[in-house]
2 protein chains.
Amino acid sequence: MLHLVIAEAELELVPRTIRDHPAVVNYAKRRGKRPDEVLLDSTYHHAALKKLSDGERRGRPDIVHICLLNALESIANKEGKLRVYVHTRNDEVIYIKPETRIPRNYNRFVGLMESLFRDRAVPKNLELLRMEEKSLVELVEEINPDEIFVMHEDGNAVKPSEFGKILSGLRNPVVIVGGFPHGDFRSETPWERISLYDAPLMAWTVVNEVIISFEHWIF
Amino acid sequence: MLHLVIAEAELELVPRTIRDHPAVVNYAKRRGKRPDEVLLDSTYHHAALKKLSDGERRGRPDIVHICLLNALESIANKEGKLRVYVHTRNDEVIYIKPETRIPRNYNRFVGLMESLFRDRAVPKNLELLRMEEKSLVELVEEINPDEIFVMHEDGNAVKPSEFGKILSGLRNPVVIVGGFPHGDFRSETPWERISLYDAPLMAWTVVNEVIISFEHWIF
């Protein structure tokens with residue numbers, strides 16, 4: 001089973017310090033919600049983000065959305081060989097049941113994530129998505145993998161196909177992909193670093209490369 | 001060079017016959033546009049779509065968006081080995097320059113497509129995206145490929161990795177992926193049919209499988 005972690009994902013509710021910023025207030029009003037109920041989104045809160053530390057990389061639910069659509073609709077997931085987790089910048093972990101059908105529409109996905117932050121599980125009866133406070137290290141320990149890899153621009157260069165072969169030979173590998181637009185992990189990732197390409201790749205590109213290269217060796 | 005065609009994509013402006021439907025009128029007003037300027041979108045025009053033929057599959061710009069984000073951010077595209085085209089249900093073809101950075105945000109993507117339908121090229125100076133009236137057969141003839149494959153549930157079963165090998169041995173293959181949510185191609189696709197998996201796959205999953213399997217044999 002391949003365990004894929006989208007780590008330090010830029011997924012959070014609007015932080016308290018900018019909830020009274022006009023960009024946030026107007027956005028929330030337009031959506032019929034309170035400022036403390038809406039996801040931070042760089043497309044709409046650009047002006048407010050300038051007032052936050054790391055503002056240039058925060059508010060990217062779109063990255064999580066695309067990674068999840070790709071991972072959950074992959075052949076590996078349909079074959080029961082994949083588990084997907086989202087770890088956020090604020091050390092929350094989202095557990096996702098493999099049969100989950102993530103909304104295709106971005107705005108619906110945002111609404112779903114807002115419900116998840118409020119209720120900690122959605123839908124309440126099925127709990128297809130469940131959120132817990134947990135660090136990346138704690139999540140990795142809980143998975144209890146035989147190997148842990150961090151996908152990283154400065155990692156050891158390994159061709160995607162070769163990396164897939166390595167993964168296919170393991171029992172329970174964890175692969176960590178940064179869920180942020182650019183820059184480095186902010187917290188410790190004391191594991192083997194792997195680079196699939198000699199230039200930066202989008203998070204969802206790495207997700208696709210890892211999953212499909214893994215599939216090639218097991219199906 | 002691999003030529004990837006997202007074909008019969010469910011991408012269109014709101015058709016004339018439902019432009020006065022309340023679901024459309026309210027949606028356009030909310031976005032500050034006229035009903036004839038906005039994309040058909042099943043998330044928002046559900047009630048109006050019931051009045052259209054094929055209404056249950058139309059209005060899916062999200063499928064095009066995800067396919068393009070995956071294809072254009074792929075290693076194959078960065079290496080100059082990929083060309084991507086979108087062919088719509090109304091026989092328009094969108095030509096996309098490989099260096100195009102598609103908006104990550106869905107709502108911005110929708111705005112960009114609306115500009116494209118209006119102006120036939122965006123941005124006007126660079127023409128990263130350009131739209132022409134053209135059928136799928138005409139597009140394929142223009143590409144002048146050595147082989148043409150249609151990805152299809154009922155096609156010949158070929159493993160993704162094997163299919164990648166076949167593609168890598170050709171000079172200018174065309175691979176056609178249906179840009180609709182379910183059902184069959186509506187028009188003639190008189191080419192070899194290939195099935196990568198024994199159950200239906202999302203369009204973007206097929207796009208990922210084709211591109212990455214192709215990459216494995218050329219890099």
Side-chain angles (χ1 to χ4, degrees), chain A residues 30-31 41-44 46 59-63 65-79 101-111 159-165 181 196-219, chain B residues 30-31 41-44 46 59-63 65-79 101-111 159-165 181 196-219:
Chain A
R30 209 162 59 235
R31 295 195 43 224
D41 194 321
S42 67
T43 296
Y44 308 107
H46 187 70
R60 295 300 303 270
D62 57 307
I63 294 176
H65 186 220
I66 301 161
C67 287
L68 291 184
L69 285 174
N70 286 329
L72 294 169
E73 293 297 333
S74 68
I75 292 175
N77 190 53
K78 287 171 190 285
E79 291 288 325
R101 207 183 124 97
I102 292 290
R104 278 64 175 122
N105 178 276
Y106 175 69
N107 302 303
R108 282 196 178 159
F109 173 75
V110 167
K159 283 191 180 187
S161 175
E162 281 172 42
F163 187 53
K165 186 176 183 181
L196 298 180
Y197 189 58
D198 58 8
L201 297 172
M202 291 291 128
W204 61 86
T205 306
V206 179
V207 164
N208 293 335
E209 291 282 346
V210 169
I211 292 175
I212 292 174
S213 301
F214 169 70
E215 288 172 1
H216 280 191
W217 293 95
I218 60 166
F219 300 132
Chain B
R30 209 161 61 233
R31 295 193 44 223
D41 194 321
S42 66
T43 296
Y44 308 106
H46 188 70
R60 297 299 303 271
D62 57 308
I63 294 176
H65 185 221
I66 301 161
C67 288
L68 290 184
L69 285 174
N70 286 328
L72 293 169
E73 293 296 333
S74 69
I75 292 175
N77 190 53
K78 287 171 190 285
E79 291 288 325
R101 206 182 125 96
I102 292 290
R104 278 62 174 123
N105 178 275
Y106 176 69
N107 302 303
R108 282 197 178 159
F109 173 74
V110 167
K159 283 190 179 187
S161 174
E162 280 172 43
F163 187 53
K165 186 176 184 181
L196 298 182
Y197 188 58
D198 57 9
L201 296 171
M202 291 291 128
W204 60 86
T205 306
V206 179
V207 164
N208 293 334
E209 291 283 345
V210 168
I211 293 175
I212 292 175
S213 300
F214 169 70
E215 288 172 1
H216 280 189
W217 295 94
I218 60 167
F219 301 132

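Here is the naming used below: chain letters follow the sequence lines, and residue numbers restart at 1 for every chain. Computed from a predicted model, the values in this text were never measured in an experiment.
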dist B/Ser161:OG -> A/Trp217:CH2 (nearest 0.5 Å) comes out at 8.0 Å
When rounded to the nearest 0.5 Å, the distance separating CG of B/Leu72 from CE of A/Met202 is 11.5 Å
If one checks every heavy atom of A/Tyr44 against chain B at 4.5 Å, the contacting part turns out to be side chain
- Query: Is any side-chain heavy atom of B/Asn107 closer than 4.5 Å to a side-chain heavy atom of A/Tyr106?
  - Reply: yes
TODO: Decide yes or no for B/Asn70 and A/Ile66: does some side-chain heavy atom of the first lie under 4.5 Å from some side-chain heavy atom of the second?
DONE: yes
Review point. Does some side-chain heavy atom of A/Ile75 sit less than 4.5 Å from a side-chain heavy atom of B/Leu201?
Key: yes
- Query: Where do B/Asn105 and A/Asp41 land on the side chain to side chain contact (heavy atoms under 4.5 Å, CB included) test, with the steps shown first?
  - Reply: CA-CA 10 Å; B/Asn105 178 275; A/Asp41 194 321; 4.3 Å; yes
query = Within a strict 4.5 Å, meaning less than it, do heavy atoms of the B/Leu69 and A/Trp204 side chains meet?
reply = yes
Chain A shares the most heavy-atom pairs under 4.5 Å, among B/Lys78, B/His65, B/Arg60, B/Arg104, with B/Arg104
If one checks every heavy atom of A/Ser213 against chain B at 4.5 Å, the contacting part turns out to be both
Taken to the nearest 0.5 Å, the spacing of A/Thr205 OG1 from B/Ile212 CD1 works out to 8.0 Å
Original post:
Is any side-chain heavy atom of A/Tyr197 less than 4.5 Å from a side-chain heavy atom of B/Glu215?
Top reply: no
The interface call for A/Ser74 against chain B, heavy-atom contacts under 4.5 Å, is backbone
Report task. Please examine the side chains of B/Lys159 and A/His216, heavy atoms only from C-beta on, and report whether any two atoms are closer than 4.5 Å. Result -> no
